[in-house]
Amino acid sequence: MTKPITITDVRVILTQPSGPRLAVVKLFTSEPGLYGLGCATFTQRIHGVREVIERHLTPFLIGREVSRIEELWQMMMVHGYWRNGPILNNAISGVDQALWDIKGKIANMPVFDLLGGKSREAAQVYVHADGASPDEVAANATQLVDQGYRHVRVQQGLYGGNSNNFNKPEGAPAGAYFDPKRYQNATLRMLEEVRNQLGDEIELLHDVHERLTPSEAIRFARDIEEFRLFFLEDLLAPEDLHWFERVRAHTTTPLAMGELFNHPLEWRTLIEGRLIDFIRMHVSQMGGITPARKAADFAHLYGIRTAWHGPSDTSPVGHAANLHIDLWTPAFGIQEWYRPSEIDYEMFPGLPRVIDGYLYPNDRPGLGIDIDEKLAVEYPVADIVEEWTQARRPDGSAARP
Ligand code: MG
């Protein structure tokens, strides 16, 4: 019997090439030159993830066989006893995705082949258009359509319409203020204008970013029915999941949910109840490829499709992992795409590219992506206190961002 290939070292690479802070895990093996990469990015708590990997997972992983992805995943999840938290799940994802990358390299196959092979040649993507006014949003969306995109998420003033022009109580703290009422009215006007300018062929999406109360959310989902969205994203917070039954009963607007989910119960309930149309978990946040492929298979049984979270605070390695699942799963719906900068492409050779609205893989084994570590060092992470996540209602109280 040949000697099994084992894990010899684990490196956490933190870098910030063009915006959010990223965490990438590099797993080294007993086979010279064989390593794997995985995304462990929880940008707002990046040092917490690094500590979990370096101080808790690495001592457990050294000497383990790289072939045993499933067993290692299960044990990483349970051997801390407390499980399914965002820091732990992202740490596990870094290792999990790197193990899939390694398995693909050993098999000389892309990860989509390991999963079962391609269901499609490329993944249809949606991209973001924002603006300060309906006209500006429409103009920016038109630019994207001209570049070949057919699915555009439209927002006015990002999430909730940032503004400080409120009648705040004296002494109200600084923050990213928003008013749910103004947000809803402005978004309705914006969607009308964008639909008028772009016509019926282009698919429009919108992200509520869980900023509404359940009653507001139901009314809003009904009010926008006439604009025929491809989907409405994160209409409610995970804390309000039990309202989805009522939402579903009141609107035909397609619903996408899940980028904040950590626990399988969160997506299981919504899928079993057929309460949404798209699951859109953040794959590193749910623990990597291993749980994501199970969720995709489970969703498929209920006719629900995937729309994995694909923001700029997923590392390019994570975007590659999303794409491999997208190419394989029969449940694929759409992929969110963040339009990487040139420095992202330089730092991560193999980062997939979009042609005419479709994201294409390369034919390299594993995840098909690498990292230029020398370049990564030139872009160290900055220690900052996030501001956009300090959301506040008009009276100054804290709100979900
Ligand atoms: Mg979102």
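All heavy atoms count here, side chains included; hydrogens, waters and symmetry mates do not. First listed ligand is number 1; within each ligand, the first listed atom is number 1.
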Using only N, O or S atoms, tell me which atom of D207 is closest to the Mg ion (ligand 1).
-> OD2
NZ/NE/NH1/NH2 to OD/OE distance under 4.0 Å, D207 and R153 = yes
Closest to the Mg ion (ligand 1), which N/O/S atom of E233 is it?
-> OE2
For the residue pair E225 and T251, confirm or rule out a side-chain donor-acceptor distance under 3.5 Å.
-> yes
Strictly under 2.8 Å, is any N, O or S atom of E259 next to the Mg ion (ligand 1)?
-> yes
Under 2.8 Å: N/O/S of E336 next to the Mg ion (ligand 1) | no
Look at E373 together with R11 and state whether they make a salt bridge at an N to O cut-off of under 4.0 Å.
-> yes
Ion pair E70/K294, N-O distance below 4.0 Å = yes
